[in-house]
There are 2 protein chains.
Amino acid sequence: MLYPVNGKIQPFCGKVPVMSALEATSAKQGPSQIARPSGLAEEVYRRIRADIMSLKLPPDTRVSVDSLARELGVSQTPIREALSMLEANGLVSKKHFTGYATAPRMDRAQLDELFEFRLLVEPHAARKAAEAMAQSDMESLGAVSGAHAPSHDGFADMDTEFHKLIAQGGGNHLIADSLARLHIHVHIFRSCFRSEIAEEAVHEHDAVIAAIRGRDAAAAEAAMRRHIERSYGRLRDFIRD
Amino acid sequence: MLYPVNGKIQPFCGKVPVMSALEATSAKQGPSQIARPSGLAEEVYRRIRADIMSLKLPPDTRVSVDSLARELGVSQTPIREALSMLEANGLVSKKHFTGYATAPRMDRAQLDELFEFRLLVEPHAARKAAEAMAQSDMESLGAVSGAHAPSHDGFADMDTEFHKLIAQGGGNHLIADSLARLHIHVHIFRSCFRSEIAEEAVHEHDAVIAAIRGRDAAAAEAAMRRHIERSYGRLRDFIRD
DNA sequence: GGTCCGCCAATCCTATAGGATATTTGATCC
DNA sequence: GGATCAAATATCCTATAGGATTGGCGGACC
């Protein structure tokens, strides 16, 4: 057959891939989501993004379309579409006739800009979350609370989920999407330095969660602001420029 | 020849297209910019985005890859890359095996979310612009001030430039990019209703400009907040849902 | 010994052909 | 007359081949 089925990524020709895609989406986004086998491009997109976030593709690394196509067992077209989307999200950059490369690691100026933005948006999101968060999300929030994360990746996932839930809690999709896009870069930056799991961060998280559960908007905003400021202080130490 | 040169978009095979691309970029971004013929995909991207913003492609309209390829005289690949980038920016959406379509017109909820976001970010940007805007941008700001725009498009361009300069003035690229991305949607929404050129908006702009020129951060923030609130009121009237 | 020029490999970019799918249209049946 | 099913069309998705360009490498020249 023309479609290599060596365990990488399979096109939507058979029935099995479709089912697996359905399971994947429904498992990740909850049962209320429509079944949408969004195509190979999106699959490849997630794969590459995961590789970037796990530092399997470190910052400032060349990414060859040919290599990816061979490695994933798909044609170049979906690779190109995925890379174009990643470029639009700032995770890779394209130089004409030279190819794609993962974005270089954040420098001091970019870190400052990123946290200025977070400090502007995320406390507001926490305030609104305290006012209007749905009960279901509130319960999910409890799941990322007290449990001590064993590994570095475990903490990172928990942190991502924590901030995502609060951003969504405000009910504003634009805010949630913007913060999610930014959080990816924070994740990469933090992973670059394999920073120790900060016990403080967990306490700060719990403070925010407590305020939101108590529907105390002002306290939630303040706690989130404090968390981001402290987080900024912890990350800033890793950089000198 | 394989490359149709019927006046649409030309590949980078000859010398003339390269020169024209150079002239275009240098004319738009100033003489200090490196020459970067970024490829067909970006050219196509700008073209489609322009067509969407000019309502030549109205909201919720099917966009065929084949048709675009024929119309622009290029292959399908750059069209796909451009559409992927547009999708990442929320201007088109893709449905598997059905094709691309321009995003539907904003509904009331989206308008609310968008202006909540703007109200959160843009006054802050104005404050920072008043504190730190470069002298060159300050002069450019004067150019979009008093002059009465004759046409609807003229006002729209002026408005876009006004908000772009202030967003850039704060020196935070993330803020500037986010606001630019959002402003496109505001532009489309406004164009849909061919709203009359609001004389008020010009006065509000002038108030912001005056505050920034006077380096009065608090006044700039307040003026921008007022401008956005009024702008929201003007646009909200067009929608019922 | 340093610098410049031409060649080679790797990569990207474009174009075309073929298979698969969703939507539409028309005819048939109830 | 309305609804249902099937064929046809238009479109997308994938794969492969060929042309064009960049960056690095070795040799020649000053």
Side-chain angles (χ1 to χ4, degrees), chain A residues 1-6 8-18 21-22 34-45 61-87 92-102, chain B residues 1-6 8-19 21-22 34-45 60-87 92-102:
Chain A
M1 241 327 184
L2 291 173
Y3 302 113
V5 196
N6 35 18
K8 307 303 169 56
I9 289 183
Q10 304 176 9
F12 298 102
C13 304
K15 278 299 171 192
V16 178
V18 174
L22 286 180
I34 231 72
R36 53 172 181 82
S38 317
L40 273 187
E42 186 158 336
E43 198 94 6
V44 174
Y45 172 83
T61 305
R62 292 282 303 272
V63 177
S64 163
V65 175
D66 279 350
S67 307
L68 271 176
R70 276 193 299 273
E71 182 184 350
L72 301 181
V74 298
S75 177
Q76 291 187 357
T77 307
I79 307 283
R80 272 173 195 291
E81 295 186 15
L83 287 173
S84 293
M85 290 191 284
L86 289 166
E87 187 191 13
V92 303
S93 63
K94 184 176 75 162
K95 238 174 63 185
H96 193 45
F97 279 114
T98 303
Y100 290 88
T102 54
Chain B
M1 241 329 183
L2 289 175
Y3 302 113
V5 196
N6 34 18
K8 306 304 170 56
I9 289 183
Q10 304 176 10
F12 298 102
C13 304
K15 278 299 171 190
V16 177
V18 175
M19 297 309 274
L22 287 180
I34 233 69
R36 53 172 182 83
S38 317
L40 272 188
E42 188 157 336
E43 198 94 5
V44 174
Y45 172 82
D60 211 15
T61 305
R62 292 281 303 272
V63 177
S64 162
V65 175
D66 279 351
S67 307
L68 272 176
R70 276 193 299 271
E71 182 185 350
L72 301 180
V74 298
S75 179
Q76 291 188 358
T77 308
I79 307 283
R80 274 174 192 290
E81 296 186 13
L83 286 174
S84 293
M85 291 191 283
L86 289 167
E87 187 191 13
V92 305
S93 63
K94 184 174 76 163
K95 236 174 63 186
H96 193 45
F97 280 115
T98 303
Y100 290 89
T102 53

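The structure displayed is predicted, hence computed values, not measured ones. The sequence lines fix the lettering, A, B, ..., with proteins before strands; numbering per chain opens at 1.
Distance CD (A:Glu81) to P (D:dT14): 7 Å, rounded to an integer number of Å. Distance, B:Phe97 CZ to C:dT23 P: 12 Å, rounded to whole Å. Atoms CD (B:Gln76) and P (D:dC12) sit 7 Å apart, rounded to a whole Å. The CZ-P distance, from B:Arg70 to D:dC12, rounds to 10 Å in whole Å. In this structure, A:Tyr100 atom OH and C:dT11 atom P are separated by 15 Å, rounded to whole Å. When rounded to the nearest whole Å, the span between CG of A:Asp66 and P of D:dT16 equals 12 Å. Look at CD on A:Glu71: it is 14 Å from P on C:dT11, rounded to the nearest Å. Per the geometry, NE2 belonging to A:His96 stands 15 Å off C1' belonging to D:dG23, to the nearest Å.
Rounded to the nearest 0.5 angstrom, B:Ser93 OG and B:Leu83 CG are separated by 10.5 Å. A distance of 9.5 Å separates CG of A:Leu72 from CG of A:Leu40, quoted to the nearest 0.5 Å. One finds the OG atom of B:Ser64 at 6.5 Å from the CZ atom of B:Arg70 (value rounded to the nearest 0.5 Å).
The listed nucleotides are D:dT21, D:dG23, D:dC13; the one nearest the side chain of A:Thr98 is D:dG23.
The nearest heavy atom of DNA chain C to A:Val63 and to A:Thr77 marks one nucleotide each, and the one closer to the 5' end goes with A:Val63.
Side-chain nitrogen and oxygen atoms of A:Lys95 include none within less than 4.0 Å of the OP1 or OP2 phosphate oxygen of C:dT11. For B:Ser75 and C:dA15, the shortest distance from a side-chain N or O to OP1 or OP2 is below 4.0 Å.
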| Do A:Met85 and B:Glu87 pass the side-chain contact (heavy atoms from CB on, under 4.5 Å) test, and can you show the C-alpha distance, the side-chain angles, and the key distance before you say yes or no? | CA-CA 8 Å; A:Met85 290 191 284; B:Glu87 187 191 13; 3.8 Å; yes
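Residue B:Ser64 is classed as a sugar-phosphate contact, given heavy-atom separations below 4.0 Å to backbone atoms only.
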